[in-house]
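For reference, the structure is listed below as structure tokens.
Counting starts at 1 for both ligands and their atoms, following the listed order.
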Amino acid sequence: MNIYDLTKDELKNYFTSIGEKSFRADQVFKNLYKTVNIDDMTDLSKSLRERLKSDFTQYIPQIERKLTSKKDFVVKYLFKMDDGEYAEGVVMGYKHGLSMCISTQVGCRMGCKFCASTLNGLKRNLTAGEITGQILAALKDLESRISNIVLMGSGEPFDNYENVLKFIQNATHPDGLGIGARHITVSTCGLTDGIYRLSKEGLPINLSISLHAPNDGLRKQIMPVANAVAIDDLIKAANDYYTTTGRRVTYEYSLIKGVNDSENEARQLVRLLKNTGSHINLIPVNEVKEREYKTSVNTREFQKILTENGINATVRRTLGQDINASCGQLRNQYERGG
Ligand code: SAH
């Protein structure tokens with residue numbers, strides 16, 4: 001097992017189980033997140049280091065490819081896991097610091113029609129250590145602080161709940177990555193069980209919901225998950241999340257030409273989200289080679305209808321288009337041998 005898959009409590013249990021004092025977990029945990037190799041953890045005896053190495057691997061994903069945008073501060077990574085699977089992560093520079101988008105699964109089984117990550121289905125879940133490891137690898141590579149994390153890369157976080165939660169515990173731990181829960185965002189296509197569950201963890205994590213349609217009929221056409229979860233139930237779960245955690249929910253709405261970008265859809269969206277206190281992120285859909293969807297030309301008009309009706313809506317800047325920065329695209333290209 002990869003030692004990065006353990007939470008600090010699990011590491012403590014491990015040390016007590018082998019007859020060591022639990023403070024060893026404090027030492028080792030701190031060092032792990034400074035990416036110190038077990039061999040170099042000189043505050044441990046040689047024999048304890050050997051014991052750790054025989055019980056665990058210490059694997060940080062390898063950077064298989066790195067693409068740097070010429071236009072924006074965007075660095076895209078293709079990471080290789082120890083079984084040869086790939087996952088993508090992107091670091092983006094904003095005024096307030098670096099933000100990293102990471103993957104939670106290899107592939108995805110949600111089947112959204114516009115998305116590149118789900119084209120070949122789900123390969124497997126990423127472990128907690130592989131989710132954290134994407135950040136550790138980027139930190140080592142860039143040698144600068146990453147202040148925000150978004151779980152918006154490939155995969156559906158709530159389809160891999162346990163590992164995602166362990167990742168969040170290690171990311172927010174002051175001796176771990178030390179990133180505050182308020183600086184971490186989990187994005188879901190709408191698995192309500194996961195939303196309710198996360199709301200009860202006592203962590204002020206930001207929640208983002210990929211909505212992309214204002215009614216069930218249209219949503220079912222572009223997101224198969226809508227066959228299992230009705231929009232009203234999704235909004236209810238999101239409102240509950242806000243009441244329970246005090247964190248406002250953001251809705252993601254990718255504007256697709258002729259599909260979900262008419263005035264009619266904007267007005268339906270207003271009715272749906274009025275008085276929820278939520279924010280809408282409008283995203284010009286990123287055209288994926290294998291998909292027929294085209295970017296909307298109505299973005300500003302759509303936004304205007306929302307804001308004029310009291311809904312907070314911003315248009316997301318598109319970054320890194322010259323390097324296919326959207327998740328899923330690089331892995332697909334790579335696996336085809338491109
Ligand atoms: N499964 C999670 C997280 C991964 S998808 C979720 O659905 O939220 C991250 C975001 O990227 C989602 O809002 C998703 O709908 C969006 N997305 C996927 N493909 C896209 C594309 N081609 N253009 C624009 N946004 C896309």
Using a strict 4.0 Å cut-off to heavy atoms of [X], name the atoms of ligand 1 that fall inside it.
| X | value |
| --- | --- |
| H212 | 13 (O), 14 (C), 15 (O) |
| V285 | 21 (C), 23 (N), 24 (C) |
| C115 | 18 (C), 19 (N) |
| S254 | 24 (C), 25 (N) |
| N286 | 21 (C), 22 (N), 23 (N), 24 (C) |
| E252 | 13 (O) |
| C189 | 6 (C), 7 (O), 8 (O) |
| V288 | 22 (N) |

- Establish, from distance only, whether the side-chain atoms of Y14 and D55 form a donor-acceptor pair under 3.5 Å. yes

- Task: Would you tell me whether S147 and H96 have side-chain atoms, one donor and one acceptor, within less than 3.5 Å of each other?
- Result: no

- Message: At under 4.0 Å between heavy atoms, is it the side chain or the backbone of I209 that contacts ligand 1, or both, or neither?
- Response: neither

- Are the side chains of N264 and Q268 in touch, meaning some heavy atoms are under 4.5 Å apart? yes

- Message: Taking the side chain as everything from C-beta on, heavy atoms only, tell me whether H212 gets closer than 4.5 Å to Y251.
- Response: no

- K200 atom NZ, neighbour heavy-atom count above 12 within 6.0 Å: yes

- Task: For K220, look at atom NZ and say whether over 12 heavy atoms of other residues, nucleotides or ligands are found less than 6.0 Å away.
- Result: yes

Is [X] close enough to touch ligand 1? Criterion: a residue heavy atom under 4.0 Å from a ligand atom.
| X | result |
| --- | --- |
| G190 | no |
| S154 | no |
| C112 | no |

- Task: Look only at interatomic distance and state if G155 has a nitrogen or oxygen under 3.5 Å from any nitrogen or oxygen of ligand 1.
- Result: yes

- Query: What about F114: any of its N or O atoms under 3.5 Å from an N or O on ligand 1?
  - Reply: yes

- Heavy-atom proximity to atom 8 (O) of ligand 1 ranks first, among S210, C108, S117, A116, for S210

- Item | Partner of K8 by side chain to side chain contact (heavy atoms under 4.5 Å, CB included), out of D175, L32, N13 | D175

- Return the set of residues passing salt bridge (charged side-chain N to carboxylate O under 4.0 Å, His left out) with E20 (not counting sequence neighbours), or none when no residue passes. R24

- Mind checking whether Y33 and H173 have ring centres under 6.0 Å apart? no

Scan the side chains in residues 224-240 for donor-acceptor partners under 3.5 Å anywhere in the protein, sequence neighbours excluded, and list what turns up.
from	atom 1	to	atom 2	distance (Å)
N227	ND2	P224	O	3.1
N239	ND2	I235	O	3.4

